[in-house]
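Okay, structure first, notes after.
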There are 2 protein chains.
Amino acid sequence: MAPPTETLTAERILEATEDVLRRHGPAKATVVDVARALGVSHGSVYRHFRTKAALREAVTKRWLDRTSQKLAGIVDADGSPQERLRAWLAGLFEAKRHKAGDDPELFATYTVLTDEVGTVVGEHIADLTGQLTRIIAAGAGSGAFPVPDPAAAARAVFQATGRFHDPHYARAWTAPGVDEEFTAVVDLLIRGLSSPSR
Amino acid sequence: MAPPTETLTAERILEATEDVLRRHGPAKATVVDVARALGVSHGSVYRHFRTKAALREAVTKRWLDRTSQKLAGIVDADGSPQERLRAWLAGLFEAKRHKAGDDPELFATYTVLTDEVGTVVGEHIADLTGQLTRIIAAGAGSGAFPVPDPAAAARAVFQATGRFHDPHYARAWTAPGVDEEFTAVVDLLIRGLSSPSR
DNA sequence: CAGCTGACAGATTTCAATATCTGTCATTCC
DNA sequence: GGAATGACAGATATTGAAATCTGTCAGCTG
């Protein structure tokens with residue numbers, strides 16, 4: 001169970017933590033468990049993370065960042081701003097839905113963790129709306145999205161699509177007809193962004 | 001504590017239940033408490049409601065219906081479809097925010113109850129989107145909202161504004177800037193509905 | 001000496017015994 | 001006879017004592 005004597009690094013601790021969370025769930029995962037999985041004393045874990053909460057935050061950040069990175073590629077991809085916006089929103093929905101569907105228990109675990117909010121979730125959302133802003137700003141430049149304030153528009157789009165990325169709605173993502181609902185909302189928003197008036 | 005010998009009616013039981021919920025919260029409110037508040041045995045309560053769950057559902061339905069009724073007045077009010085749509089969405093947001101702000105504990109109590117979903121919440125949402133559909137259909141008739149399927153558009157609008165009526169977001173309703181966020185989302189949606197293309 | 005350990009105090013969680021609650025129904029009351 | 005009661009069985013919640021966990025730190029180890 002104890003792996004060969006590699007140096008104990010924050011990264012290795014995070015991997016072990018993810019493992020322990022997957023096995024025991026958020027309620028029963030202890031830092032003693034994490035230490036045991038690494039073959040060290042729990043005191044050593046506290047050398048790298050000041051508190052259990054900090055450890056949980058770090059592991060949550062890792063998880064969220066994986067999604068951000070996947071989407072970052074779409075921001076500067078080819079295609080019109082409309083196409084990129086649509087692809088980005090679809091990518092976000094798809095990523096979340098996939099995570100929720102593949103391993104519901106792990107997804108539930110991370111949903112609990114994200115609810116123990118620190119600043120991590122807020123930063124993740126800021127990151128995502130930042131990506132959205134860049135797409136919409138490109139459209140503002142080209143005249144495709146005649147909006148006065150791309151950042152405000154990005155926030156509005158992000159909030160309006162919450163039902164398709166907020167984990168609270170995860171159960172609804174398997175219902176028949178969600179894809180049509182998603183398309184209906186996105187169409188409406190893109191038409192709103194594209195509308196010249198005002 | 002026992003009121004004068006009126007006949008025991010479902011309505012009186014619901015009033016007492018609301019009271020008990022307000023006092024004890026959702027976790028500790030028992031049907032024995034309700035019976036005691038009415039000065040009857042708990043067996044009598046079971047004559048009117050088959051189970052505790054049914055009683056909770058009924059009291060929740062009452063609470064939700066009060067909001068529906070307030071909004072129903074706006075559907076057939078004067079003004080253009082745009083104006084009525086805006087007023088209706090603002091009314092929904094205002095009603096929810098008011099309930100949440102006035103008595104946070106009671107609101108939290110009902111949030112718990114609505115999460116114990118039966119069919120009640122679904123019916124409430126169907127009711128609300130029905131009202132929305134009527135406004136949008138009026139706009140479709142007059143050419144103000146050139147949409148092919150008013151009911152689908154209504155669902156999209158309802159879902160896109162979830163952040164401003166779904167109780168899960170109640171904490172965000174007191175943050176500074178929510179009103180601007182609300183306006184930004186609603187503007188975007190109304191522009192989308194008004195856009196002739198497609 | 002830098003990194004790790006393990007014993008410790010206080011906080012939190014678990015577990016099992018006890019108390020309360022839900023839902024039923026034979027009986028009482030008007 | 002229709003409505004209400006209260007005793008009852010099984011399910012659920014509460015409680016307090018014991019076990020475990022978190023976070024610290026003096027000392028060990030390589």
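By convention in this document, chain letters (A, B, ...) are assigned in the order of the sequence lines, proteins followed by strands, and residues within each chain are numbered from 1.
Nearest nucleotide to the A:V40 side chain, out of C:dC4, C:dT5, C:dG23: C:dT5. Side-chain atoms of A:R47 lie closest to C:dC4 of the nucleotides D:dA4, C:dC4, C:dG23. Closest to the B:L8 side chain, of the nucleotides D:dG23, C:dG23, D:dA4, is D:dA4. When distances run from any side-chain atom of B:H42 to the nucleotides D:dA7, D:dT22, C:dT5, the shortest one goes to D:dA7. Here the side chain of B:S41 is nearest to one of C:dT22, D:dT5, D:dT22, namely D:dT5.
Electrostatic pairing of B:R66 and B:E18 counts as a salt bridge here, judged by a charged N lying under 4.0 Å from a carboxylate O. Salt bridge status for A:R84 with A:D76: absent, with no side-chain N to carboxylate O gap under 4.0 Å. A salt bridge is defined here as a Lys NZ or Arg NE, NH1 or NH2 lying under 4.0 Å from an Asp or Glu carboxylate O, and A:K28 with A:D33 fails to meet this definition. Salt bridge present: B:R23 and B:D19 bring a charged side-chain N and a carboxylate O closer than 4.0 Å.
Nucleotide C:dT5 holds its C1' atom 13 Å from the NE2 atom of A:H48, rounded to whole Å. Per the geometry, CG belonging to B:L38 stands 15 Å off C1' belonging to D:dT5, to the nearest Å. The distance from atom CZ of B:R36 to atom C1' of C:dC21 is 11 Å, rounded to the nearest whole Å. Atom-to-atom, CZ of B:R12 to P of D:dA4 comes out at 10 Å; the value is rounded to the nearest Å. Distance, A:F49 CZ to D:dT22 P: 15 Å, rounded to whole Å. For the pair B:Y46 OH and D:dA9 P, the computed distance is 18 Å after rounding to whole Å. Note: CD1 (B:I13) to P (D:dA4) measures 9 Å, nearest angstrom. Between the NZ atom of A:K52 and the P atom of C:dT12 there is a distance of 11 Å, rounded to whole Å.
A:T30 comes within contact range of the sugar-phosphate backbone alone, with a heavy-atom separation under 4.0 Å but no base atom that close. At a threshold of 4.0 angstrom between heavy atoms, the contacts of B:V31 are confined to the sugar-phosphate backbone, with no base atom among them.
Nucleotides of DNA chain D nearest to A:R50 and A:D33 differ in position, and the one nearer the 5' end is that of A:D33.
For A:H168 and B:Y169, the ring centers are positioned 6.0 Å apart or more.
Not one side-chain nitrogen or oxygen of B:S44 sits closer than 4.0 Å to the OP1 or OP2 atom of D:dA3.
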